[in-house]
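Chain A is the first sequence line, chain B the second, and so forth, proteins listed ahead of strands; every chain is numbered from 1.
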Amino acid sequence: MAEPGKFLRIEAPPAPAPGGIAARARAGADAPYLAGLNPEQRLAVESLDGPVLVLAGAGTGKTRVLTTRIAHILSLGRARPSDILAVTFTNKAAREMKERVGRMVGQMVEGMPWLGTFHAIGVKLLRRHAELVGLKPDFTILDVDDQIRLMKQVLEAENIDQQRWPARALAAMIDNWKNRGLPPDKVSPGEAAVFAGGRGLKLYAAYQERLKVLNASDFGDLLLETIRLFRENAEVLRQYQQRFRFMLVDEYQDTNVAQYLWLRLLAQGAKNLCCVGDDDQSIYGWRGAEVDNILRFEKDFPGATVIRLERNYRSTGHILAAASHLIAHNEGRLGKTLRTEDELGEKVTVTGAWDSEEEARSIGEEIEELQRAGHKLNEIAILVRASFQMRELEDRFVTLGLPYRVIGGPRFYERAEIRDALAYLRCVASPADDLAFERIVNVPRRGLGDATVQVLHDHARTRRVPLMEAARTLVATEELKARPRTALRDLIAAFDRWRGRRDQIPHTELAEIVLDESGYTEMWQKDRSADAAGRLENLKELVRSMEEFENLQGFLEHVSLIMDADGGADADAVSIMTLHSAKGLEFDTVFLPGWEDGLFPHQRTLDDQGRAGLEEERRLAHVGLTRARRRAKIFFATNRRLHGLWQTTVPSRFLDELPEAHVEVTESKGGFGWGGLAPSRFDAMESFASNYETPGWQRAQANRARRSGMDEAGANGSRPGGARRRQPLTIEGELVARSTGPASPYAVGDRVFHQKFGYGDIVSVDGNKLIVAFDRAGEKRVVDSFVERA
DNA sequence: TGATGCTGCGTTTTT
DNA sequence: CGCAGCATCA
């Protein structure tokens with residue numbers, strides 16, 4: 001960018017010439033930011049006037065178009081930053097767009113007050129005009145828990161049997177109405193009749209009244225009340241219609257009816273509405289998104305320009321062909337044909353496994369193979385349909401010592417209060433943990449500020465002792481002033497006391513005592529901010545999760561492993577996530593396990609939504625495939641554990657929808673599985689799978705039995721997943737050693753330490769694989785690089 | 001108020 | 001099978 005920031009200084013009102021010809025000449029039709037756009041992208045950026053729908057297929061440069069378009073509007077002087085409305089769905093997307101626009105155009109982020117999520121912009125509008133919708137400007141926003149609590153009160157007040165009519169169901173129903181833009185007076189009575197013997201509507205109205213009394217709004221109302229504001233106050237609406245000379249919407253396929261209505265009201269002003277989306281990536285129908293919004297765009301906004309971005313810059317030929325062929329089976333779509341100029345690359349692979357354990361083993365092996373070939377783990381993702389599928393994968397990776405992170409999983413351990421609490425416990429367990437000590441030395445505040453900590457640091461460094469130790473000697477001197485000295489002395493005394501009780505009382509109790517006596521709990525109890533209650537709840541949850549471990553040490557080991565795993569984004573690790581949370585991401589290699597009918601497509605979606613549901617599942621498959629840049633690897637298992645029982649499954653119907661020319665059916669690398677009977681047709685496999693008498697089945701059974709003695713996931717059904725383990729696991733019987741791999745530096749009898757399993761003695765050495773009898777966790781097979789000499 | 005036992009349920013998730 | 005949420009009891 002030649003002179004970044006230049007465009008932004010525009011303070012004068014927008015150039016009046018509607019065609020912007022003069023302005024265009026000024027900015028130059030070949031402005032630098034336009035360079036490198038392909039013709040369709042460029043058209044999408046430059047078609048500023050009137051409604052525009054940009055159908056942006058996966059990997060076609062959607063975000064680039066959106067941000068460049070904003071830059072273009074600004075550089076032409078068609079609008080000031082504050083006159084552009086740019087809406088996203090998530091805060092993350094909003095943040096990214098701000099960053100990208102900022103980078104492209106200079107630091108103008110503050111200059112775009114109307115770039116944000118639908119909800120954030122709704123809040124902004126409502127606070128400005130709160131009184132017009134019966135709220136005060138400082139109204140509070142209820143989270144889901146608050147909502148449920150409020151609904152319970154309403155149900156209580158109406159004397160409704162909450163057994164039969166749970167608050168959750170009412171909440172879901174009201175949420176659904178709000179998604180569709182229906183306030184109480186617009187809901188059809190017939191529809192409301194199904195709840196609580198016809199009282200559904202009354203409850204909805206009562207709930208809305210309660211919100212007003214509490215001066216509160218729920219998420220749905222942030223949209224719904226804005227719509228009402230606009231409808232009932234023509235002047236206000238006109239004001240914003242005039243202001244928003246240009247409107248941009250990201251992920252339009254995810255909009256619900258309320259959002260559509262909201263946009264339509266505003267777009268009746270300048271009419272320069274640009275919606276970007278991909279009907280083939282609409283995967284949130286179940287929470288109110290209307291694919292129909294995007295399908296109907298041309299009807300809703302007459303004279304609309306539709307621009308298709310079909311050149312894909314992400315995936316190689318085979319992958320793109322497979323994804324395109326698959327999604328072509330959908331009927332409710334506008335239709336796009338993705339193309340790439342990239343090479344054909346590797347075919348999409350489909351691998352059948354005997355069961356989900358073998359599936360996990362195969363994936364593990366393929367990842368190790370990729371790793372040996374020099375591929376980064378960061379460039380590998382496993383995308384599952386449902387989160388329960390993650391367990392087996394995680395278990396397998398723990399065994400292999402393969403670093404992984406779960407995306408979208410619980411970010412529990414990253415929360416401040418949890419980190420604080422853990423820091424206390426770490427100080428108890430290991431007095432030399434300086435990082436932990438530093439974290440909590442003045443939390444809660446006890447007058448040990450930066451100055452004191454500095455003295456402490458100096459003291460520790462000169463004496464080469466940990467902070468805690470330095471503090472101990474320091475309080476005996478005159479170096480600190482009386483106040484901090486006393487505070488520090490008290491703190492050390494407290495830690496000594498806690499440490500002293502460590503072996504006398506259960507570790508959960510100890511944790512409670514520590515959090516209590518340190519004043520940490522009290523700190524949050526006194527805190528009257530909105531999230532204090534939640535934080536206390538999290539602390540309770542932390543203590544509860546400790547119960548599953550034998551002692552404090554074991555718990556802290558587990559936590560450190562978890563934190564390591566998803567801690568640094570810079571660490572090289574395989575990503576595991578759901579297909580839903582993978583939308584918008586891309587990886588060199590994508591593993592897609594669980595392609596079985598009932599799981600994917602999911603039976604529930606099929607049951608509830610029929611063909612529309614199937615199409616949404618197919619879009620999900622399409623999203624999954626198009627995440628891959630160079631390798632897409634599909635797996636299915638013939639047997640999967642579901643609700644604790646092994647179920648025989650049928651390969652996903654989506655497999656039959658993949659084009660044979662772009663797919664390679666491979667044999668499981670998980671070892672035993674199909675025993676050379678590699679299937680070439682999935683339906684043939686189906687009959688094979690359901691026949692429990694075939695040699696293959698018996699063989700696999702035999703292998704399973706044999707194997708279960710070798711792997712830590714024993715036939716007793718126990719899981720090595722740490723947190724999920726109730727009882728320490730012991731595997732009986734002899735472990736079979738096989739020799740592979742390079743010689744290990746360890747010998748039988750060596751004492752070792754493992755991050756997850758703690759201390760143990762080596763029972764056998766097999767190449768780089770050790771079998772260790774852990775003190776707590778029983779015998780495990782582990783890779784030698786994951787233990788250290790104790 | 002807190003612990004214990006029972007019942008029912010089991011997909012995806014953001015604001 | 002495992003867990004969450006609720007109800008019941010102490």
(Q) Nearest whole Å is fine: how far is C:dG2 P from A:Leu642 CG? (A) 14 Å
**Q.** Minimum-distance nucleotide (side-chain atoms of A:Ser387 versus B:dT12, B:dT13, B:dT15)
**A.** B:dT12
Q: Rounded to the nearest angstrom, tell me the gap between atom CD in A:Gln647 and atom P in B:dG10.
A: 15 Å
**Q.** Non-hydrogen atoms of A:Arg619 and A:Asp279 that approach each other most closely
**A.** CD-O, 3.1 Å
(Q) What is the separation between atom CG on A:Leu599 and atom P on B:dG10, rounded to the nearest whole Å? (A) 15 Å
Q | C:dC3 versus B:dT14 - spacing of their C1' atoms, nearest Å | A | 24 Å
**Q.** Taking every non-hydrogen atom, the tightest pair across A:Met247 and A:Leu266
**A.** CE-CB, 3.6 Å
Q. Whole-Å distance between B:dT13 P and A:Leu383 CG?
A. 12 Å
Q | Closest listed nucleotide, where the reference is the side chain of A:Thr605 and the choices are B:dT11, B:dT13, B:dT15 | A | B:dT11
Q) Which of the following nucleotides, B:dT12, B:dG10, B:dT14, is nearest to the side chain of A:His643? A) B:dG10
Q. Is there a stack between A:His602 and B:dT11, judged by ring centres under 5.5 Å and planes under 30°?
A. yes
Q: Round to a whole Å and report the spacing from CZ of A:Arg640 to C1' of C:dC1.
A: 16 Å
**Q.** Whole-Å distance separating the CD atom of A:Gln603 from the P atom of B:dC9
**A.** 18 Å
Q: Give the C-alpha distance, both sets of side-chain angles, the deciding distance and a yes or no for salt bridge (charged side-chain N to carboxylate O under 4.0 Å, His left out) between A:Lys212 and A:Glu225.
A: CA-CA 11 Å; A:Lys212 288 284 146 37; A:Glu225 290 291 54; 2.3 Å; yes
Q. Is there a side-chain polar atom (N or O) of A:Arg604 under 4.0 Å from OP1 or OP2 of B:dG10?
A. yes
(Q) Rounded to whole Å, please give me the gap between CG in A:Asp250 and C1' in B:dT14. (A) 14 Å
Q.
Roughly how many Å apart are B:dT11 and C:dA4, using the P atom of each and rounding to a whole number?
A. 14 Å
Q: Identify whether a stacking contact exists between A:Trp286 and B:dT12, where the ring centres must be under 5.5 Å apart and the planes under 30° apart.
A: yes
Q.
Test of understanding: with side chain to side chain donor-acceptor pair (under 3.5 Å), list the residues that count as partners of A:Arg627, not counting sequence neighbours.
A. A:Gln281
Q | A:Asp607 CG to B:dG10 P, straight-line distance once rounded to whole Å | A | 12 Å
Q | Worked check of side-chain contact (heavy atoms from CB on, under 4.5 Å) between A:Ile327 and A:Thr626 | A | CA-CA 11 Å; A:Ile327 198 65; A:Thr626 53; over 6 Å; no
Q: Pick the P atom in B:dT13 and in C:dG2, then give their distance to the nearest Å.
A: 23 Å
Q. Does A:Thr578 place a side-chain N or O at less than 4.0 Å from the phosphate oxygens OP1/OP2 of B:dT13?
A. yes
Q. Do any side-chain nitrogens or oxygens of A:Asn91 fall under 4.0 Å of OP1 or OP2 in B:dT14?
A. no
